[in-house]
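Comments concern the structure below.
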Amino acid sequence: QVQLVESGGGLVQAGGSLRLSCVASGRTFSSYTMGWFRQAPGKEREFVATISRSGGTTSNADSVKGRFTISRDNAKNTVYLQMNSLKPEDTAVYYCAASDRIYASTSTRYTQYTTYGHWGQGTQVTVSS
């Protein structure tokens, strides 16, 4: 089992930046593909970004490409989401997730929330216009 704790959310003006962190404890962090998802009020949970176990492969949703960057530090058991040029439509609760399923690192299955069996409690990001 792995436990995930997110931090770094908050209120920011449009055009600003935030960095989310997710610290994992429990099983070996490097054995998990990690992802970030978000859920806005009244909307379904949506994929934001994913990173392979080694950190060598990443994928972002089209809506955040060029603005958000996912990274990880396996020595610190931490995955990050650097969010730049934030927009009001980025407002949501952001969730960190871990998957121990083994697919090709480029598999689109890692963009699906059902692939992830472990979730953090979420952190609120609010972007004002």
Side-chain angles (χ1 to χ4, degrees):
Q1 288 287 347
V2 63
Q3 293 77 44
L4 305 173
V5 178
E6 303 100 331
S7 62
L11 173 64
V12 65
Q13 289 188 333
S17 298
L18 283 174
R19 188 175 82 154
L20 305 183
S21 299
C22 172
V23 179
S25 60
R27 276 186 56 189
T28 305
F29 178 66
S30 59
S31 66
Y32 292 93
T33 295
M34 300 299 296
W36 286 97
F37 290 76
R38 66 187 182 186
Q39 188 165 19
K43 294 188 177 182
E44 293 187 353
R45 190 167 299 192
E46 66 170 348
F47 166 74
V48 176
T50 185
I51 188 165
S52 63
R53 289 170 288 164
S54 68
T57 301
T58 62
S59 177
N60 288 356
D62 288 343
S63 58
V64 305
K65 279 181 180 177
R67 301 189 298 122
F68 291 11
T69 302
I70 188 171
S71 61
R72 67 190 295 164
D73 186 338
N74 285 345
K76 295 183 178 179
N77 289 357
T78 303
V79 61
Y80 304 97
L81 186 68
Q82 178 67 44
M83 305 186 295
N84 299 328
S85 303
L86 282 160
K87 304 175 181 180
E89 51 263 44
D90 294 319
T91 295
V93 177
Y94 283 72
Y95 296 91
C96 169
S99 174
D100 57 6
R101 298 189 185 184
I102 306 299
Y103 303 117
S105 60
T106 56
S107 173
T108 57
R109 294 189 183 192
Y110 289 122
T111 69
Q112 301 165 5
Y113 73 87
T114 52
T115 297
Y116 296 81
H118 308 279
W119 293 84
Q121 81 288 351
T123 185
Q124 176 70 47
V125 172
T126 302
V127 184
S128 63
S129 57

For Ser54 against Asn74, the heavy-atom pair lying closest together = CA-ND2, 4.4 Å
Considering all heavy atoms of both residues, which atom of Ala92 and which atom of Gln39 are nearest to each other, and what is their separation?
-> CB-O, 3.5 Å
Reported CZ-to-CG distance for the pair Arg67 and Asn60, which is rounded to 0.5 angstrom | 10.0 Å
Only pairs at least two apart or in different chains count here, so list each disulfide (SG to SG under 2.5 Å) that has a residue in residues 44-129.
-> Cys22-Cys96
Got a sec, which residues hit side-chain hydrogen bond (donor to acceptor under 3.5 Å, both in side chains) with Thr126, two or more places apart in sequence or on another chain?
-> Gln124
Find out whether Thr108 and Tyr103 are in side-chain contact, i.e. whether some heavy atom of one side chain is under 4.5 Å from a heavy atom of the other.
-> no
Which is it for Gln3 and Gln1 under the side chain to side chain contact (heavy atoms under 4.5 Å, CB included) test, yes or no, and what are the steps along the way?
-> CA-CA 7 Å; Gln3 293 77 44; Gln1 288 287 347; 3.9 Å; yes
Between the main-chain N or O of Gln121 and the side-chain N or O of Glu6, is there a donor-acceptor pair closer than 3.5 Å?
-> yes
Note: with side-chain heavy atoms under 4.5 Å as the link, the other cluster members for Leu86 come out as Val2, Leu4, Val12, Leu18, Leu20, Phe29, Tyr32, Met34, Trp36, Val48, Ile51, Val64, Phe68, Ile70, Val79, Leu81, Met83, Tyr94, Val125, Val127
Set of side-chain hydrogen bond (donor to acceptor under 3.5 Å, both in side chains) partners for Lys76, sequence neighbours left out = none
Could you pull out the closest heavy-atom pair between Ala40 and Thr91, with the gap in Å?
-> CB-O, 3.7 Å
Heavy-atom closest pair (Arg53 atom, Ser31 atom, distance to 0.1 Å) is CD-O, 3.4 Å
Results of ring pair (Phe, Tyr, Trp, His ring centres under 6.0 Å) for Tyr113 - residues two or more places apart only = none
Under 3.5 Å, side chain of Ser99 to main-chain N/O of Thr115, donor-acceptor pair present?
-> yes
Begin with the C-alpha distance, continue with both residues' side-chain angles, and end with the deciding distance and a verdict on salt bridge (charged side-chain N to carboxylate O under 4.0 Å, His left out) for Asp90 and Lys87.
-> CA-CA 5 Å; Asp90 294 319; Lys87 304 175 181 180; over 6 Å; no
Check the pair Asp73 / Tyr80 against side chain to side chain contact (heavy atoms under 4.5 Å, CB included), numbers first and verdict last.
-> CA-CA 8 Å; Asp73 186 338; Tyr80 304 97; 4.2 Å; yes
Please name the pair of heavy atoms, one in Ala14 and one in Ser129, separated by the smallest distance, quoted to 0.1 Å.
-> CB-CA, 4.4 Å
If you look at every heavy atom in Ser63 and Arg38, which pair is closest and at what distance?
-> OG-NH2, 3.6 Å
Polar side-chain atom of Tyr116 near backbone of Tyr110 as donor-acceptor pair, under 3.5 Å = yes
Not counting sequence neighbours, which residues clear ring pair (Phe, Tyr, Trp, His ring centres under 6.0 Å) with Phe47? List them please.
-> Phe37
Spell out, as yes or no, whether a donor-acceptor pair under 3.5 Å connects the side chain of Arg72 to the backbone of Gly55.
-> no
